[in-house]
Amino acid sequence: MRKTLRKDTILALGCSYTDQSFEAKFAGSENVPRNVKTGWPMWPQLFQEKMIERDKKRYYLINAGKSGTSMEYASRMFFSNWVKNKDRLKVVLWGGTGYLRMDHFAHDWLHVSINHFGDNSKFTSSHFNQTEHLMKKHGMEEYVKYSASRTINKEMYVRQCKINLEKIVTIRDLCQAHGVDFIYYPILSPYDSKTYKGVGGREQGMSTELQLQYLYEASPEAWEEICHSKNFIGIINHGFNWQHWAAKVNYYHSNGIDCLIEHNKEYPNNDTHPNKKGQEMIAEEFWSHYEKNF
């Protein structure tokens with residue numbers, strides 16, 4: 001007799017918006033109480049709790065989110081856990097991050113972004129200096145700087161769109177073929193609006209319209225799959241917009257919902273990560289989509 005599989009595991013993928021060890025790093029953070037910087041349940045845990053409450057059974061959570069990491073890192077974490085746990089996976093939840101983040105080939109813990117060379121960086125000086133030191137130490141500085149300078153052309157954007165869209169759809173297909181529920185939500189925009197004039201890169205911020213053009217141009221087939229699939233959150237009007245969570249924050253804030261760490265009035269800061277309320281809101285978006293479509 002064939003043994004019934006225990007579909008009791010949730011796998012979450014993402015960056016600092018997902019990482020259960022996340023702690024805010026902003027100017028003056030050493031003087032800010034810990035409960036303002038970290039300590040709340042992240043959205044994968046909140047989703048897990050909703051699953052347990054609904055189904056009245058135990059679900060295990062593998063939170064593979066890690067601060068500063070790339071789409072490539074998330075896909076590696078998916079396949080690593082797929083090999084070990086595919087027979088037990090019930091749900092895969094992916095909180096998408098920016099497409100211009102890079103992993104060091106020889107140092108799995110070193111993750112950087114071309115944002116380091118963006119104009120008007122909001123990182124603290126200590127974080128900036130530490131990142132610069134690590135890039136120099138491990139031979140990444142010149143390449144990351146060169147990549148930032150290439151933002152003046154569209155080829156890099158389109159290529160990264162193609163790589164990531166086709167990767168996401170492939171992982172979705174693999175999950176579907178094995179009866180695993182899959183949801184992808186771009187918590188961060190694929191490309192932010194930074195400029196890179198200081199290193200010879202783009203002088204104007206990336207518009208939503210241009211970003212969508214690159215996404216469609218890169219892989220029309222993958223884009224069509226995403227626009228008409230229940231596995232993706234944020235698609236509006238059949239692909240005329242793919243709204244990431246961070247894009248909604250200004251609307252929430254204008255309506256009195258303080259969902260970012262920087263919204264704390266008692267301890268002014270510039271950290272744009274979600275606070276406890278923000279994590280609850282992300283979890284609710286995943287959960288409401290899951291209940292509606294699966």
Side-chain angles (χ1 to χ4, degrees), residues 11-26 29 38 42 44 62-84 94-119 121-153 155-168 170-171 184 186-192 194-196 198-202 206 218 246 271-273:
L11 171 63
L13 309 167
C15 59
S16 56
Y17 284 62
T18 303
D19 186 355
Q20 60 192 1
S21 300
F22 166 79
E23 181 172 337
K25 293 180 174 64
F26 49 79
S29 62
T38 187
M42 304 296 273
I62 301 172
N63 186 341
K66 187 174 182 179
S67 295
T69 51
S70 64
M71 294 287 289
E72 174 62 27
Y73 178 86
S75 67
R76 290 206 314 273
M77 291 301 98
F78 167 80
F79 284 108
S80 175
N81 282 284
W82 181 263
V83 170
K84 294 180 287 188
W94 189 343
T97 190
Y99 289 4
L100 296 180
R101 295 184 176 188
M102 306 175 195
D103 299 350
H104 195 296
F105 180 76
H107 296 274
D108 190 53
W109 48 265
L110 182 52
H111 314 279
V112 299
S113 169
I114 69 168
N115 284 357
H116 183 84
F117 293 100
D119 304 317
S121 173
K122 293 181 71 176
F123 287 127
T124 64
S125 59
S126 60
H127 185 282
F128 188 93
N129 291 336
Q130 181 185 35
T131 301
E132 189 168 45
H133 168 73
L134 290 172
M135 284 196 297
K136 288 178 179 179
K137 179 180 179 181
H138 297 288
M140 290 192 76
E141 184 186 36
E142 289 304 316
Y143 179 68
V144 178
K145 185 176 181 179
Y146 169 76
S147 297
S149 74
R150 297 297 295 167
T151 58
I152 199 169
N153 299 316
E155 285 77 11
M156 180 172 68
Y157 290 101
V158 174
R159 181 170 60 85
Q160 288 303 106
C161 283
K162 181 177 177 62
I163 290 170
N164 286 300
L165 291 184
E166 294 181 354
K167 186 180 299 177
I168 294 166
T170 297
I171 290 175
Y184 179 94
I187 294 180
L188 291 178
S189 174
Y191 301 119
D192 61 40
K194 284 186 180 297
T195 57
Y196 297 88
V199 292
R202 64 183 300 112
M206 175 74 69
D271 196 292
T272 57
H273 288 87

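The shortest heavy-atom contact between Arg76 and Asp103 is NH1-OD2, 2.9 Å. The minimum heavy-atom distance between Asp119 and Gly198, with the atom names listed, is OD1-N, 3.2 Å. Minimum heavy-atom separation, Ala64 to Leu11: CB-CD1, 4.2 Å. The shortest non-hydrogen separation linking Cys15 to Thr97 is SG-OG1, 3.4 Å.
When Glu72, Met102, Lys66 are each tested for a side chain to side chain contact (heavy atoms under 4.5 Å, CB included) with His111, only one passes: Lys66.
Between the CZ atom of Phe78 and the CD1 atom of Ile168 there is a distance of 12.5 Å, given to the nearest 0.5 Å. With rounding to the nearest 0.5 angstrom, the NZ atom of Lys25 is 9.0 Å from the NE2 atom of His273. In this structure, CD1 in Ile114 is found 14.5 Å from OH in Tyr99, a value given to the nearest 0.5 Å. Put simply, CD on Glu141 and NZ on Lys136 are 5.0 Å apart, with the number rounded to the nearest 0.5 Å. Residue Leu165 holds its CG atom at 10.5 Å from OG1 of Thr170, rounded to the nearest 0.5 Å. Taking NZ of Lys194 as the reference point, atom NE2 of His116 lies at 11.5 Å (rounded to 0.5 Å).
Contacts of Ala246 classified as side chain to side chain contact (heavy atoms under 4.5 Å, CB included), with partners at least two apart in sequence or in another chain: Leu188, His244. Every side chain to side chain contact (heavy atoms under 4.5 Å, CB included) that Ser149 has, sequence neighbours left out, goes to Tyr146.
Counting heavy atoms of neighbouring residues, nucleotides and ligands inside a 6.0 Å radius, atom NZ of Lys145 does not exceed 12 of them.
Taking 4.5 Å as the limit, every side-chain heavy atom of Ser147 sits out of range of all side-chain heavy atoms of Leu100. Phe117 is not listed as a side-chain neighbour of Val112, based on a closest heavy-atom distance of 4.5 Å or more. Using a 4.5 Å heavy-atom threshold, the side chains of Ile171 and Phe79 count as touching. Using a 4.5 Å heavy-atom cutoff, the side chains of Thr18 and Leu13 are not in contact. When side chains are defined from C-beta on, Val158 does not count as touching Glu155, because their heavy atoms never get closer than 4.5 Å. Between Tyr196 and Arg150 there is no side-chain heavy-atom pair separated by less than 4.5 Å.
Listed for the Asn81 side chain is a donor-acceptor partner under 3.5 Å among the backbone atoms of Met77. Side-chain atoms of Thr38 come within 3.5 Å of backbone atoms of Phe22 as a donor-acceptor pair (strictly under, hydrogens ignored). The backbone N or O of Tyr157 lies less than 3.5 Å from a partner atom in the side chain of Tyr191, making a donor-acceptor pair. Although no hydrogens or angles enter the test, the distance criterion places a donor-acceptor pair under 3.5 Å between the side chain of Thr151 and the main chain of Arg202.
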- request: List the steps and the verdict of side-chain contact (heavy atoms from CB on, under 4.5 Å) for Met71 and Arg101.
  value: CA-CA 8 Å; Met71 294 287 289; Arg101 295 184 176 188; over 6 Å; no
- request: Evaluate the criterion side-chain contact (heavy atoms from CB on, under 4.5 Å) for residue pair Gln160 and Ile163; output intermediate values, then yes/no.
  value: CA-CA 5 Å; Gln160 288 303 106; Ile163 290 170; 3.5 Å; yes
query: Given Glu166 and Lys162, is the salt bridge (Lys or Arg N to Asp or Glu O under 4.0 Å) satisfied, shown in steps?
result: CA-CA 6 Å; Glu166 294 181 354; Lys162 181 177 177 62; 2.8 Å; yes
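The aromatic rings of His104 and His138 sit perpendicular, their planes meeting at an angle over 60°, well past the 30° parallel limit.
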